[in-house]
Amino acid sequence: IDDDLRERIERHLEKILRGSLAESKENCKVIDRVSMSTLSLMFEMNRDLATTLMLDGMRGEWMSDSESWGLVLGKFNVADPRYGELLQLCRTELPKGKVTIEIAAAANQQLLEDNKFVHPLDSEAGLEQIEEWLDEKLPEDLKEYGAPLVATVSLAFVKNSKWRELLDLASGNSDWSVRAEAGWVGGLRGDADSIKLLVEMASDVRFSDKAVRYLEELGLQERIPLEVKEPEFAARAEMAAWLGHPNELGRPPDEVTII
């Protein structure tokens, strides 16, 4: 498109987004998806302006709690010249709401591929947020949104020495999937207790499937219990994993038997 048309489109998109930012929280559900899709489109038109609007939205009352941030954060990563501004925002005025979960989740994914940058939650405020997400009293909507899992995976990448204390908290979580992630994180960091946790979970037919996969990912195949390879155990573990899928029971059954 020519420069004149591009400029007019940019002005129109900016007007929509600034209007969205000024809306009350009561109206947010109506405009949420449209606003975030518009912000995603703005990244294709003018990255600098889009980044400014994104950071404003993260500070905003309703946009920070949007469940559509995945549309935007996929367009913004560590390679962006203004990534440092996101880090600074997280250190000085950590956004409230679900956007912080999405920021951490996006960073976790990128750090799995390239561990040469600072995790957004690797700060005092960020670690306090991780601890809050690991609290058993966390509101159910944030648990369902994945905050405890994101918090646990983040511990693989933070440098602050408090990571070990928080990992212990995750390892004792009542949610088995959080405990499994804690085992993987600790194993990645060479923690013997975490590896032991994964071995114990691998021996439990309810959790074996994921624990075995994590031991294999960590190159610890020799620590996989022998009984796991028995055909009957393997069949029960496969059934437990299938039943635990969100589209089925959503959690492993208490017991699996072969009749």
Side-chain angles (χ1 to χ4, degrees), residues 17 20-25 28 32 35-36 39-40 43 48 50-112 114-170 173 178 181-182 185:
L17 289 166
S20 296
L21 286 168
E23 280 291 344
S24 64
K25 197 165 186 176
C28 67
D32 185 352
S35 298
M36 301 307 281
L39 182 53
S40 176
F43 269 94
D48 192 53
T51 301
T52 296
L53 292 166
M54 178 189 75
L55 294 171
D56 287 345
M58 288 176 175
R59 297 184 182 96
E61 180 184 4
W62 74 263
M63 197 176 280
S64 62
D65 206 37
S66 168
E67 296 187 2
S68 303
W69 276 102
L71 294 171
V72 175
L73 289 172
K75 305 284 182 74
F76 183 82
N77 56 44
V78 65
D80 194 283
R82 297 181 64 183
Y83 187 79
E85 293 181 47
L86 176 60
L87 287 179
Q88 186 63 21
L89 175 67
C90 290
R91 287 173 181 152
T92 59
E93 47 179 319
L94 191 67
K96 301 299 181 184
K98 296 183 178 71
V99 64
T100 309
I101 302 173
E102 294 284 2
I103 290 170
N108 291 342
Q109 185 59 46
Q110 292 172 39
L111 279 159
L112 284 171
D114 177 11
N115 63 359
K116 295 178 182 178
F117 67 95
V118 178
H119 193 286
L121 298 187
D122 198 358
S123 64
E124 289 301 320
L127 292 169
E128 287 176 8
Q129 180 64 83
I130 289 175
E131 186 171 11
E132 182 181 319
W133 287 340
L134 291 173
D135 192 325
E136 297 279 4
K137 297 178 182 178
L138 187 73
E140 286 301 317
D141 66 317
L142 293 180
K143 288 182 181 179
E144 292 173 5
Y145 201 72
L149 289 172
V150 170
T152 304
V153 176
S154 297
L155 295 174
F157 308 113
V158 299
K159 308 299 183 185
N160 189 296
S161 60
K162 194 177 179 181
W163 72 266
R164 188 174 294 276
E165 175 188 335
L166 294 173
L167 185 65
D168 289 341
L169 189 60
N173 196 278
V178 174
E181 293 298 329
V185 168

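Taking CG of L87 as the start and CG of D122 as the end, the distance is 9.5 Å to the nearest 0.5 Å. Considering CD of E85 and CG of D80, their distance stands at 9.0 Å, rounded to 0.5 Å. Taken to the nearest 0.5 Å, the CG atom of N77 stands 12.0 Å off from the CD atom of Q109. Here CD of E181 is found 5.5 Å from CG of L149. Values are rounded to the nearest 0.5 Å.
The closest donor-acceptor contact from the side chain of W62 to the backbone of S20 lies under 3.5 Å. Between the side chain of S64 and the main chain of K96, a donor-acceptor pair closer than 3.5 Å is present. Remark: side-chain polar atoms of D32 are not paired, donor with acceptor, to backbone N or O of S66 under 3.5 angstrom. A donor-acceptor pair is defined here as one N or O able to donate and one able to accept, closer than 3.5 Å; no such pair exists between the side chain of N173 and the backbone of V178. A side-chain donor-acceptor contact under 3.5 Å links R82 to the backbone of D48. Using modelled atom types, no side-chain atom of S40 and backbone atom of M36 make a donor-acceptor pair closer than 3.5 Å.
The residues K162 and E131 are annotated as salt-bridged, a charged nitrogen and a carboxylate oxygen being separated by less than 4.0 angstrom.
Nearest heavy-atom pair across L142 and P148 is O-CD, 3.9 Å. For the residue pair A125 and L94, the shortest heavy atom distance occurs at O-CD2, 3.8 Å. Taking all atoms of both residues into account, the shortest heavy-atom contact from A50 to L39 is O-CD1, 3.6 Å. Between A147 and L138, the closest heavy-atom pair is CB-CD2, 4.0 Å. Scanning all heavy atoms of the two residues, the minimum distance from D65 to G97 falls at OD1-CA, 3.3 Å. Taking every heavy atom of both residues into account, G57 and L21 meet most closely at CA-CD2, 3.4 Å.
Within the 4.5 Å cutoff, side-chain heavy atoms of T100 are placed close to those of W133. Considering only heavy atoms from C-beta on, L134 comes within 4.5 Å of T152 through its side chain. Looking at heavy atoms from C-beta onward, I103 lies out of side-chain contact with L121 at the 4.5 angstrom threshold. Side chains of M58 and M63 form no contact here, defined as non-hydrogen atoms less than 4.5 Å apart. Under the 4.5 Å side-chain criterion, counting only non-hydrogen atoms from C-beta, S123 is not in contact with L127. Counting heavy atoms from C-beta outward, F117 and L111 have side chains that approach closer than 4.5 Å.
Residues forming a salt bridge (charged side-chain N to carboxylate O under 4.0 Å, His left out) with E136 (at least two apart in sequence, or on another chain): none.
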Checking Q88 against Y83 for the side chain to side chain contact (heavy atoms under 4.5 Å, CB included) test, could you report, in this order, the C-alpha distance in whole Å, the side-chain angles of both residues, the deciding distance, and whether it holds? CA-CA 9 Å; Q88 186 63 21; Y83 187 79; over 6 Å; no
Trace of the salt bridge (Lys or Arg N to Asp or Glu O under 4.0 Å) decision for K98 with D141: CA-CA 10 Å; K98 296 183 178 71; D141 66 317; 3.8 Å; yes
Apply salt bridge (Lys or Arg N to Asp or Glu O under 4.0 Å) to residues E124 and R91 and explain how you reach the verdict. CA-CA 8 Å; E124 289 301 320; R91 287 173 181 152; over 6 Å; no
Side chain to side chain contact (heavy atoms under 4.5 Å, CB included) evaluation trace for E102 with V150: CA-CA 9 Å; E102 294 284 2; V150 170; over 6 Å; no
Between F76 and L86, does a side chain to side chain contact (heavy atoms under 4.5 Å, CB included) hold up when you go through it step by step? CA-CA 10 Å; F76 183 82; L86 176 60; 3.8 Å; yes
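Under the 30°/60° scheme for interplanar angles, the aromatic rings of F157 and H119 are found to lie parallel.
No side-chain donor-acceptor contact under 3.5 Å links E140 and Y145.
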